[in-house]
Amino acid sequence: MTRLYNEPSAFADEMIEGFVASHGRWVRRVSGGVARSTRSTPDSVALVIGGGSGHYPAFAGLVGQGLAHGAAMGNLFASPSAQQVYNVAKAADNGGGVLLGYGNYAGDVLHFTQAQDKLRAEGIDCRSIAVTDDISSAPLAERHKRRGIAGDLTVFKVAAAAAEAGYSMDAVVGIAERANDRTRSFGVAFTGCTLPGADHPLFSVPEGRMAVGMGIHGEPGIGETDIPTADELAELLVKDLLAEIPDGLSAHGARVVPILNGLGSVKYEELFVVYRRVAQLLSEAGIEAVDPQVGELVTSFDMAGTSLTLFWLDSELEELWLAPADAPAFRRGAVSAQALDAEQLTMGAEQQSVIPDASEESKTAAPMVLAALDAAKAVVDANVEELGRIDAIAGDGDHGIGMERGIHAAVAAAAEAVERGAGAGTVLNLAADAWADKAGGTSGALWGMALRAVGQSMGDSERPNAAAVAAGVAEAKRSIMDFGKARVGDKTLVDVLAPFSEALTAAVQGGASLREAWGAAATVAEQSAEATANLLPLMGRARPHAEKSLGTPDAGAVSMALIVRAIHNTLAGNTAGKISVKETA
Ligand SMILES: Nc1ncnc2c1ncn2[C@@H]1O[C@H](COP(=O)(O)OP(=O)(O)O)[C@@H](O)[C@H]1O
Ligand SMILES: O=C(COP(=O)(O)O)[C@@H](O)CO
């Protein structure tokens, strides 16, 4: 339960403001997150980490000398947008290339990869490491699908120390990959968590029970038991982690960093009681515990829960792990740092976009684009809860709030662009950037891409016509499928977008007006969204719990069908009726 907040939608931003105000010795605010406020070694590799907020000290608490150079900070439980990652990377770059480090979540992978592409296109050597330490999130044979949890810290720490020691980019990446290969975590939860302003938990655990393997965004775990004693919990965590010792290693004689991590509202004293037994068990297995960490390192907002991480060292990893560092939430040894000068401190601050010239026809059509976005906003607002409920069945329950954040930002940006005299294409392009930027998450990246494709097809020189809109939607489908790799039948929004686009193009080619064609295609979209109930998810967060979602449609497919119907109502001049999930699903 979060008690202290102002406007819930401003929580993440205000949290960053307060964090920077209280930690100016280490960090400064840059567009998209924070960067070091101290000088870094010229030409060294910069480590830029990030992810959703709500996991403090991940990620901003790990920015400082000897640790990360910057952190891209998304909204609560939503990956930062590609633009945020790009901006932070630009602010943090020391001329030696940028390594992006994040947990392996669909939204993070999409956004960080987009940012990486953009940085590379500018000639910056940019690489990525997606941390995959959570053993409960996929079997060993599918390690690349595992989520990143408290093991983020070990990977980031040694990569940063390697960068600080002057390693080349290839060598820093090699160290980060080796640390990831040798880091395994396993977590449990006793309660869910409630986001600021919400009147019910985002996810929950039944009273007196323990969700085994639950993810840090409430992703369903692999089992549930009564809450055990502290010793029994230590035994469960150690047993499962020792059942998966990294290749080529054995417990006896190994040197391991144990991290007993509190997930948000478990007391340090409780953690110490659990760690007491962890230490005994490691010693009984012949393992030497090196520099144990007990405390909050990657949290899940106010969730009560804990995870144990074992980081299996070799001599180089041990040296890098023990190297000095000075970040708000992780300090060791002595580090001397020089503050940036006044000019450097302002680099990377927000800038207003330039509005390109547009024809009068395009400017006249711009308010119609805004009206369509407004209709999308109204339908999302009316269905936030239900979209969250559908997403929670097998995913993380944040689809409603993610869509809400995205469409609100898109409408605000579009309204400002219309005010500043933008053409229709630019209005949609700026709305696209705002959506992706403010919403983050998988759907934020994909909706940003969709709006941008349509905006670019419309352009600013002519009055938007049916052919340009249909071509834009077809391009949206192509780019989303190319980027997200989902195909029709994988139970994602592609199951709506693909048939919608095909129906729209066919109707436009058959001579229908935009309004008629869009209406016919919206009906196809609604039917397609409903049909996703019979599919098993093969992509995104719902994949590990595929069977749970049978009988329920895909959240992203449903929201897309709702939006295209709402836009049709605007095109048809019929804005009276309220559209709800029940009509499509
Ligand atoms: N690879 C993908 N391609 C297309 N759509 C996807 C993909 N992965 C997930 N989705 C869509 O995104 C929706 C979830 O959006 P959101 O709640 O923002 O995601 P998350 O919280 O998982 O990042 C899913 O319901 C699905 O429709
Ligand atoms: O939730 C996070 C990112 O995952 P999405 O796939 O965007 O939901 C974030 O908190 C961890 O970085």
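Note: hydrogens, waters and symmetry copies are ignored here, and every other heavy atom, side chains too, is used. Just so you know, ligand 1 is whichever comes first in the structure, and atom 1 is the first atom listed for that ligand. Given the structure is predicted, the values throughout are model-derived calculations rather than measurements.
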Open item on the list: If you apply the rule side-chain contact (heavy atoms from CB on, under 4.5 Å), what do you find for Asp93 with Ile124, and how did you get there?
Closed with: CA-CA 9 Å; Asp93 184 17; Ile124 295 176; 3.8 Å; yes

Task: Parallel, tilted or perpendicular, as decided by the 30° and 60° cut-offs, for the rings of Phe59 and His55 - done: perpendicular

- [ ] Hey, can you tell me if His217 and Phe77 have their rings parallel, tilted or perpendicular (30° and 60° cut-offs)?
- [x] perpendicular

Task: Distance-only N or O hit between ligand 1 and Gly556, under 3.5 Å - done: yes

Task: Heteroatom distance test (Ser53, ligand 2): nitrogen or oxygen, under 3.5 angstrom - done: no

Task: Leu497: which of Ile480, Thr492, Leu446, Val488 passes side chain to side chain contact (heavy atoms under 4.5 Å, CB included) - done: Ile480

Open item on the list: Please classify the Leu110 to ligand 1 contact at 4.0 Å (heavy-atom distances, strictly less than): side chain, backbone, both or neither.
Closed with: neither

Open item on the list: Would Leu493 count as being in polar contact with ligand 1, using the rule that some N or O on each side must be under 3.5 angstrom apart?
Closed with: yes

- [ ] Considering the heavy atoms of Asp554, write down every atom of ligand 1 situated less than 4.0 Å from one of them.
- [x] 24 (C), 25 (O), 26 (C), 27 (O)

Open item on the list: Can you tell whether the side chains of Asp134 and Arg184 come within less than 4.0 Å, N to carboxylate O?
Closed with: no

Task: Which of the ligand 1 atoms, numbered from 1, are nearer than 4.0 Å to a heavy atom of Leu446 - done: 3 (N), 4 (C), 5 (N), 6 (C)

- [ ] For this output row, return yes or no: ring centroids of Trp518 and Phe500 closer than 6.0 angstrom.
- [x] yes

Open item on the list: Are any of the N/O atoms on Gly484, whether in the backbone or the side chain, positioned under 3.5 angstrom from an N/O atom of ligand 1?
Closed with: yes

Task: Contacting atoms of ligand 2, where contact means under 4.0 angstrom from a heavy atom of Gly441 - done: 7 (O)

Open item on the list: Using a 4.0 Å cutoff against the non-hydrogen atoms of Asp391, which atoms of ligand 1 qualify?
Closed with: 17 (O)

- [ ] Heavy atoms only: give me the nearest Ala92-Val48 pair and the separation to one decimal.
- [x] CB-CG2, 3.7 Å

Open item on the list: List ligand 2 atoms under 4.0 Å from Gly51, heavy atoms only on the residue side.
Closed with: 12 (O)

Open item on the list: Before we go on, tell me: are the rings of Tyr5 and Phe11 under 6.0 Å apart, centre to centre?
Closed with: no

- [ ] Could you please spell out the steps behind the side-chain contact (heavy atoms from CB on, under 4.5 Å) verdict for His111 and Tyr86?
- [x] CA-CA 9 Å; His111 288 287; Tyr86 168 84; over 6 Å; no

Task: Under 4.0 Å to a heavy atom of Phe77 - the qualifying atoms of ligand 2, by number - done: 1 (O), 2 (C), 8 (O), 10 (O)

Task: Salt bridge present between Lys377 and Glu404 (N-O < 4.0 angstrom) - done: no

- [ ] Below 4.0 angstrom from a heavy atom of His55, which ligand 2 atoms are there? Numbered from 1 as shown, please.
- [x] 9 (C), 10 (O), 11 (C)

Task: Element-labelled atoms of ligand 2 that are located less than 4.0 Å from some non-hydrogen atom of Gly52 - done: 9 (C), 10 (O), 11 (C), 12 (O)

- [ ] Give a yes/no verdict on whether any heavy atom in Ala106 is under 4.0 Å from an atom of ligand 2.
- [x] yes

Task: Residue Tyr105 vicinity, atoms of ligand 2 by number, heavy atom under 4.0 Å - done: 3 (C), 4 (O), 6 (O), 11 (C)

Open item on the list: Between Phe156 and Trp321 (judged by ring centroids, cut-off 6.0 Å), do the two rings come close enough to count as a pair?
Closed with: no

Task: Per-atom contacts, ligand 2 versus Gly107 - under 4.0 Å to a heavy atom - done: 5 (P), 6 (O), 7 (O)

Open item on the list: Between Arg147 and Asp133, does any side-chain N to carboxylate O distance fall below 4.0 Å?
Closed with: no

Open item on the list: Side chain or backbone, does Asp398 bring an N or O within less than 3.5 Å of an N or O on ligand 1?
Closed with: yes

TODO: Flag the pair Asp13 and Arg29 as a salt bridge only when some basic side-chain nitrogen lies within less than 4.0 angstrom of an acidic carboxylate oxygen.
DONE: yes

Task: Close-contact set for ligand 1 against Ser443 heavy atoms, below 4.0 Å - done: 15 (O), 16 (P), 18 (O)

- [ ] Record the part of His111 in heavy-atom contact with ligand 2 below 4.0 Å; permitted values are side chain, backbone, both and neither.
- [x] neither

- [ ] Using a strict 4.0 Å cut-off to heavy atoms of His399, name the atoms of ligand 1 that fall inside it.
- [x] 14 (C), 15 (O), 16 (P), 17 (O)

- [ ] Report, in ascending order of atom number, the atoms of ligand 1 lying under 4.0 Å from any heavy atom of Ala486.
- [x] 2 (C), 3 (N), 4 (C)

